[in-house]
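Remarks on the structure that follows.
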Amino acid sequence: MNERLVIRGGRPLRGSVRASGSKNAALYALAAALLTADPVTLHNVPRIADIAEMAEILRALGATVAIDGAEARIQARELTATSAPVDLVAALRASFLTMGPLLGRLGEASCPPPGGDVIGVRPLDVHLAGFRALGAEVKREGPSWVARAKRLRGARLFLDYPSVLGTVNLLLAAALADGATTIVNAAAEPEVEMAGHMLNAMGARVRGHGGHTIVVEGVPKLHGVDFTVIPDRIEAGTFLLAGAATRGDVTVEGAVAEHLDGLVAKLREAGAEVELREGALRVCAEQPLSAVQVQAVPYPGYATDLQAPMAAMLTQATGVSIIHERVFENRLLYVGELRAMGGRLTTGGQSVLIEGPTPLVGTQVRALDVRAGAAVVIAGLAASGETQIRDVIHIDRGYANLVERLRALGADVERR
Ligand code: EPU
């Protein structure tokens, strides 16, 4: 709990690292496994705290879950509970994804409003309105949201916002509904697309996933599957930004270039060289970087999860950069930590102005959430002296074996 990351920065990162399986996509895959009584085997599952917690939640619902390295074997032969345990839900936003499958399969589901990163209000209206439109009765009972429906009926759903978890929850619910569901203004993130692929591999009839209109023709039953989780574009992007911020040369093996168009464009605009290889991405930033403007928006726009890491890199770019965070209303808290290290950042509303280049200096900072944590790691790698990062637990939620992998790239970093 009290562990720290200690980074002695100022060394360019060089070498290659392999992308892990996607944190968020693996969470959706675990939730999808609840839709069938058959065994589900997942490959390329990242070894991170969020996955362990989701596995605990599935177990509490009656599923068996065995995780061995990057493989997870799940079987929800019989579900014995309709509600995820409160203490587990408090830590993990994706726990709310148990609602869709339980409602679809058992006709009843309940879950308290989930916790997760403190990055904004994070409402649930998209999920709840969707369940209602599919014919469920949804109400608050004590601390929990409860949804009940003898049988869900397909419907045309319009999402007020292309919520990622909202889209996945409704996709999971609609898979076993009677008739066809059309999700309009769906999230198009690659992890949502992958959820659609996985469902189809389980016998579902989903089309349009990866776009903003998804059509799901309900089927009575889904079967087991052996499925490989896509690479983590956010983790890959974090390593690339660390490479650029330290003026290094980093290759991320296994990264999918088409999932990172926004980042690649901004790295190139800032003056870094980016090479797209078959199954790999390489950044080389030996020349000085220059300031850019970035807007974090839903996919395929620049990813909000790479907004804080980008800010850390831009402290090293010449000129005035501006970042607009348009997805979450409170995702600029990392600015205080970067300022403590000497960064010249000013916030106004949901925007941050970054003057660079600034020589960052190591000090004690906190990982306020998983991506704010990534930002201070990048800043620490670029800084002179020693950076001590507290609350490493947040970083562990999203980045597997970070210390070992950064060391392999030449960083001087340890866990203390
Ligand atoms: N929103 C609504 N109504 C809803 C749900 C969301 O208005 O019912 C709004 C939110 O207030 C927010 C925006 O929609 O302004 C985006 O939220 P979204 O629901 O899309 O985010 P999420 O599904 O809760 C997932 C990822 C996040 C990632 C976002 C955006 C998981 C477990 N989480 O969250 O990942 O930032 O999509 O891409 O998949 C992370 O990995 O660090 C992380 C926070």
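Start at 1 and go down the list; that is how both ligands and their atoms are numbered.
Ion pairing of Arg59 with Glu56 is present here, as a side-chain N (NZ or NE/NH1/NH2) and a carboxylate O approach within less than 4.0 Å. Taking a cutoff of 4.0 Å between a charged side-chain nitrogen and a carboxylate oxygen, Arg415 and Asp396 qualify as a salt bridge.
At a heavy-atom cutoff of 4.0 Å, ligand 1 is contacted by both the backbone and the side chain of Val126. Of all the heavy atoms of Val327, the ones lying under 4.0 Å from any atom of ligand 1 are found in both the backbone and the side chain. With a 4.0 Å heavy-atom cut-off, ligand 1 is reached by no atom of Glu325. Proximity of Asp305 to ligand 1, defined as any heavy-atom pair under 4.0 Å, is confined to the side chain (atoms from C-beta onward). The proximity of Lys23 to ligand 1, defined as any non-hydrogen pair under 4.0 Å, is limited to the side chain.
Considering each of Gly166, Pro123, Ala187, the one bringing a non-hydrogen atom nearest atom 5 (C) of ligand 1 is Pro123. Atom 19 (O) of ligand 1 has its nearest heavy-atom neighbour, among Ser163, Gly130, Pro298, Ala25, in Ser163.
At least one heavy atom of Tyr28 lies less than 4.0 angstrom from ligand 1. For the pair Gly398 and ligand 1, no heavy-atom separation below 4.0 Å is found.
Enclosure of atom CZ in Arg205 is not indicated, since only 12 or fewer non-hydrogen atoms of other residues, nucleotides or ligands lie within 6.0 angstrom.
Within ligand 1, counting atoms from 1 as listed, the ones closer than 4.0 Å to a heavy atom of Leu124 are 8 (O). Interface of Leu165 with ligand 1, defined as ligand atoms under 4.0 Å from a residue heavy atom, comprises 22 (P), 23 (O), 24 (O), 39 (O). If you number the atoms of ligand 1 from 1 as listed, the ones under 4.0 Å from a heavy atom of Val370 come out as 42 (O). Counting atoms of ligand 1 from 1 in the listed order, those under 4.0 Å from a heavy atom of Arg331 are 36 (O), 40 (C), 42 (O), 43 (C), 44 (C).
Partner Glu337 forms a side-chain contact (heavy atoms from CB on, under 4.5 Å) with one of Thr387, Leu345, Leu368, Thr363 and no other, that one being Leu368. In summary, of the residues considered (Leu172, Thr82, Leu34, Asn169), a side-chain contact (heavy atoms from CB on, under 4.5 Å) with Thr98 occurs for Leu34 alone.
For Glu71 and Thr41, the side-chain atoms include no donor-acceptor pair closer than 3.5 Å. Residues His324 and Ser351 bring a donor and an acceptor atom of their side chains to less than 3.5 Å of each other.
Separation of atoms CE (Met54) and CD1 (Ile74) is listed at 10.0 Å; rounding is to 0.5 Å. Once rounded to the nearest 0.5 Å, the distance linking CG of Leu152 with CG of Leu103 reads 4.5 Å.
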